[in-house]
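The structure appears below as structure tokens.
Bear in mind that the values here come from a model prediction, so they are computed numbers and not experimental data. Sequence lines set the chain letters: A, B, ... in the order given, protein chains first and strands last, and positions in each chain run from 1.
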Protein chains: 2
Amino acid sequence: MKPEIISQLREIVGKEYVFTEKEDLFCYTYDGSFLFEQPSMPGVVVLPENSREISRIIKLAAACQIPVIPRGAGSNLSGGSVPLAECMIIQMTRMNRIIRIDGRNMIAVVEPGVVTGVFQEELAKQGLFYPPDPASLAFSTMGGNVAECAGGPRGVKYGVTRDYILGLEVVLADGSITRTGASTMKSVAGYDLTRLFTGSEGTLGIITQITVKLLPMPQARQTVLASFPNLDQTAETVVEILSRGMIPSSLELLDQVFIHHIEAFMPSGLPLDAEGILLIEVDGPKNALNDQISEIEKICRDQGAMQIRAASSEDERERLWAARRGAFGAIARNYPTILSEDVTVPRDKIPQAISQVRKIAEAYQLTVAILAHAGDGNFHADILTDEKNSEEMNRVRQALPELFKAALDLGGTITGEHGVGIVKAPFLPWEAGREGMHVMQAVKDALDPQNILNPGKMFGNRRW
Amino acid sequence: MKPEIISQLREIVGKEYVFTEKEDLFCYTYDGSFLFEQPSMPGVVVLPENSREISRIIKLAAACQIPVIPRGAGSNLSGGSVPLAECMIIQMTRMNRIIRIDGRNMIAVVEPGVVTGVFQEELAKQGLFYPPDPASLAFSTMGGNVAECAGGPRGVKYGVTRDYILGLEVVLADGSITRTGASTMKSVAGYDLTRLFTGSEGTLGIITQITVKLLPMPQARQTVLASFPNLDQTAETVVEILSRGMIPSSLELLDQVFIHHIEAFMPSGLPLDAEGILLIEVDGPKNALNDQISEIEKICRDQGAMQIRAASSEDERERLWAARRGAFGAIARNYPTILSEDVTVPRDKIPQAISQVRKIAEAYQLTVAILAHAGDGNFHADILTDEKNSEEMNRVRQALPELFKAALDLGGTITGEHGVGIVKAPFLPWEAGREGMHVMQAVKDALDPQNILNPGKMFGNRRW
């Protein structure tokens with residue numbers, strides 16, 4: 001990076017907030033994704049404090065045609081926040097103020113660097129609820145969640161990030177600052193730019209302020225864990241529950257690979273001969289839940305459940321969730337590298353999707369464990385491997401496209417909640433089609449004509 | 001319209017589906033909006049049967065640079081479907097098939113000409129629910145609802161049209177056909193084009209197929225009607241109910257003008273000295289509702305309600321709603337022209353908004369009645385007038401901008417659910433700002449470089 005650019009950046013944000021040392025830059029070469037490629041070193045990392053500073057940074061980057069990569073906690077799972085060589089990383093974590101929580105209007109305004117879990121804890125103190133719950137919520141940021149349109153287990157009942165974003169402040173590719181949306185529950189004043197920027201993975205603008213819609217905290221919740229002799233019955237139970245007019249707040253499915261690892265690591269009394277378990281949670285008005293749980297238990301029995309455990313206290317609930325929460329840790333002891341793919345299918349296609357995944361795993365001699373937010377058809381085919389085993393990694397690399405193709409053949413999508421980034425950029429055209437790619441490219445060109453905002457993400461290195 | 005264009009259109013859709021006679025064309029000169037301008041005659045009206053025909057029509061229009069206006073039931077309230085002189089109207093009502101209702105996956109696929117109310121009735125037979133409920137649902141179409149992102153009373157609990165649209169098929173300005181979104185509950189594959197087209201008012205593409213998310217039909221509902229001595233108490237009750245963790249499925253507020261007209265037209269026992277009434281409905285699991293209704297009644301009493309009537313049967317519920325449903329009819333007997341404005345404010349600003357509206361009404365000597373979907377701050381300031389009284393209409397024309405300005409000053413939006421069209425195009429820049437207009441113009445230029453899709457709508461006749 002040219003010294004005069006560095007000195008201008010120092011002038012904008014203060015010199016302690018511009019990193020140029022190799023040791024510092026190295027920390028920004030990766031994110032939560034597994035990448036087959038070697039990482040690149042950014043040219044500079046800059047930590048602004050507000051949108052005016054970002055505006056000046058972007059104007060500088062635009063004038064010098066330097067690629068800009070916005071970054072929150074770096075927990076991205078599709079390579080959306082990894083740098084290009086000699087790029088400028090805008091690290092958003094200093095902008096971490098909760099600006100306003102307004103219980104009377106059920107909205108809140110936050111800066112992008114606010115950690116999602118911290119925000120949720122603050123809300124809970126006031127009986128308020130921001131539902132999106134990506135697994136990363138303890139460290140991932142609201143800005144990253146919006147840029148990626150993060151999902152999570154609660155999606156089946158509460159939807160995903162986009163369903164809660166009312167308005168944004170965004171710094172555009174020319175450094176101008178705009179506001180989208182409104183602070184009201186309803187607004188149709190012009191194009192839905194709020195949702196265009198939500199999920200745009202930093203390729204259309206830098207999100208600098210977020211207005212979200214809140215819900216009241218549900219009065220109560222109840223949890224059931226059920227084990228089934230095979231995965232078809234497990235998956236069919238999910239469809240049955242949802243077809244009967246109930247919408248659980250979570251419907252998590254884990255397969256036998258997970259069950260065995262959990263039992264080996266932290267024995268929870270799960271039946272080892274079960275091929276699938278469901279962790280089912282309902283929430284809402286207190287006196288509506290017993291009936292729902294009874295009906296869910298009945299459905300589980302009718303579908304051949306081997307074991308049904310209901311939590312009648314918060315302690316018991318925690319114990320049931322411990323199995324689910326410990327699942328990745330249990331597996332990570334044996335497999336140093338886990339590729340968590342997030343293909344999603346219509347929910348009644350989950351059994352076929354699982355059987356396809358297994359065929360692919362067998363063909364490429366890979367170990368795959370399955371964990372699904374089954375209620376919304378979002379399932380994580382977790383490939384358990386070791387990146388040091390380059391021969392096996394080659395097979396992983398060959399298997400992935402087949403996994404995406406299988407999901408699309410079943411009427412699904414290549415990414416339910418992790419985003420496209422660079423990991424899935426080669427496969428997005430399979431889903432969006434030529435016309436869809438043309439529309440996205442036209443939008444990208446319209447808003448970022450110099451292609452300086454997170455270039456290469458979503459589109460790869462080709463133009464449409 | 002040139003004869004060779006007419007003959008090509010006849011070749012595409014069949015000659016019985018191309019209208020060129022003045023008597024036919026006249027029927028397409030207006031929509032549900034009140035317009036101060038004289039209507040224009042379209043050059044031709046064409047009724048296609050499928051997206052392939054629309055693709056050919058758009059290619060023809062693009063080649064000849066003829067403006068194209070898509071039209072559903074023409075119930076638009078912002079002039080979005082009124083023609084330009086010599087334009088081509090694409091009337092979508094022949095494309096009215098419900099293609100698929102899939103209860104296992106809780107999705108449905110419809111053509112744009114399906115009437116929303118008809119669709120909802122079909123769903124109800126299977127215990128399924130598509131919540132958006134614009135007042136026009138008995139005749140407005142799904143395509144129109146999506147193009148305008150229609151709202152309705154249930155918005156407070158269930159959101160608006162955009163919250164239910166999973167995917168679209170769209171014919172673009174060059175005649176190519178694309179698909180956006182997915183058939184799954186979650187998808188983040190690329191930009192959120194689905195929501196970019198939703199609410200784009202026919203200016204970015206012609207929507208030819210719609211995939212929607214469904215909910216299970218709520219098990220039960222209960223209704224309460226409460227009257228209050230003044231509007232502040234009425235509005236404060238709304239905030240109180242929502243702050244206590246309940247989300248009613250409707251929270252409709254009517255003012256004294258409505259109460260008096262309803263009582264004169266169809267006596268319902270509403271207290272004539274009440275200045276506001278609330279019609280409150282809750283839905284959900286049966287045994288959760290009694291508690292909610294008791295708490296709501298208590299809040300109403302605490303807030304000084306003069307009368308509280310609860311419906312304990314479906315018949316009684318119908319009687320309570322009759323007052324709300326008959327409200328417009330009651331007023332229309334005395335006022336031939338009603339301009340229903342849909343400014344929206346943060347819900348705790350409703351009292352100030354109402355007082356602003358009254359000041360403006362007084363200043364311009366206008367009669368205004370207020371009906372609000374108060375739960376989401378979306379309130380209809382209905383100006384009661386007579387378009388034959390040109391002196392009064394002049395005052396209406398002067399008062400409207402002040403109404404929009406008042407809403408924006410209170411942190412609101414100029415349109416909660418009716419759209420921009422031509423009616424609010426001059427005022428959109430007040431809300432979106434220069435940068436926002438530039439972004440919208442860039443998107444419009446990117447997707448419709450010749451400006452043939454519903455030109456003049458949303459942007460007016462100026463370029464940004």
Which pair of non-hydrogen atoms, one from Leu453(B) and one from Ala173(B), has the smallest distance, and what is that distance?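 For Leu453(B) and Ala173(B), the tightest heavy-atom pair comes out as CD1-CB, 3.7 Å.
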Considering all heavy atoms, the nearest Ala407(A)-Val343(A) contact: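 Reported closest heavy-atom pair: CB-CB, 3.6 Å.
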Residue [X] versus chain B: region with a heavy atom under 4.5 Å:
X         : value
Phe129(A) : neither
Leu289(A) : neither
Asp174(A) : neither
Met458(A) : side chain
Thr180(A) : neither
Asn378(A) : side chain

If I measure from the heavy atoms of chain A, does [X] come under 4.5 Å with its side chain, its backbone, both, or neither?
X         : value
Val160(B) : side chain
Ser200(B) : both
Met106(B) : both
Gln126(B) : neither
Leu172(B) : side chain
Leu215(B) : side chain
Asn287(B) : both
Lys444(B) : both
Leu242(B) : backbone
Asn290(B) : neither
Glu417(B) : both
Gln292(B) : side chain
Arg162(B) : side chain

Side-chain donor-acceptor pair present, [X], [Y], cut-off under 3.5 Å:
X         : Y         : result
Thr413(A) : Ser187(B) : yes
Asp342(B) : Thr344(B) : no
Asn454(A) : Glu201(A) : no
Asn145(A) : Tyr164(A) : no

Please rank Ala425(A), Gly411(A), Gly152(A) by heavy-atom pairs under 4.5 Å with chain B and give me the top one.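 It is Gly152(A).
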Could you check which of Ala189(A), Ala182(A), Gly127(A) has the highest count of heavy-atom pairs closer than 4.5 Å to chain B?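 Heavy-atom pair counts peak at Ala189(A).
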Over 60° means perpendicular and under 30° means parallel, so tell me whether His418(A) and His380(A) are parallel, tilted or perpendicular.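 Rings of His418(A) and His380(A): parallel, as their planes differ by under 30°.
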Heavy-atom pairs under 4.5 Å with chain A, option from Met440(B), Glu431(B), Lys349(B) with the top count: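 So the answer, after comparing Met440(B), Glu431(B), Lys349(B), is Met440(B).
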Could you tell me which of Asp163(B), Ile414(B), Asp291(B), Asp445(B) has the largest number of non-hydrogen atom pairs under 4.5 Å with chain A?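 Top option by heavy-atom pairs under 4.5 Å: Asp291(B).
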Please determine if Lys157(A) and Asp283(A) form a salt bridge, counting it only when a charged side-chain N lies under 4.0 Å from a carboxylate O.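 Asp283(A) and Lys157(A): salt-bridged.
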Kindly say whether [Y] contributes a backbone atom to a donor-acceptor pair with the side chain of [X] at under 3.5 angstrom?
X         : Y         : value
Thr198(B) : Val146(B) : no
Lys457(B) : Gly202(B) : no
Thr161(B) : Ala150(B) : yes

Does some side-chain heavy atom of Leu166(B) sit less than 4.5 Å from a side-chain heavy atom of Met185(B)?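 Yes; the side chains approach each other to less than 4.5 Å.
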Exactly one of Asp376(A), Val238(A), Ile296(A) should register a side chain to side chain contact (heavy atoms under 4.5 Å, CB included) with Leu251(A). Which one does?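 One option only clears the test, and that one is Val238(A).
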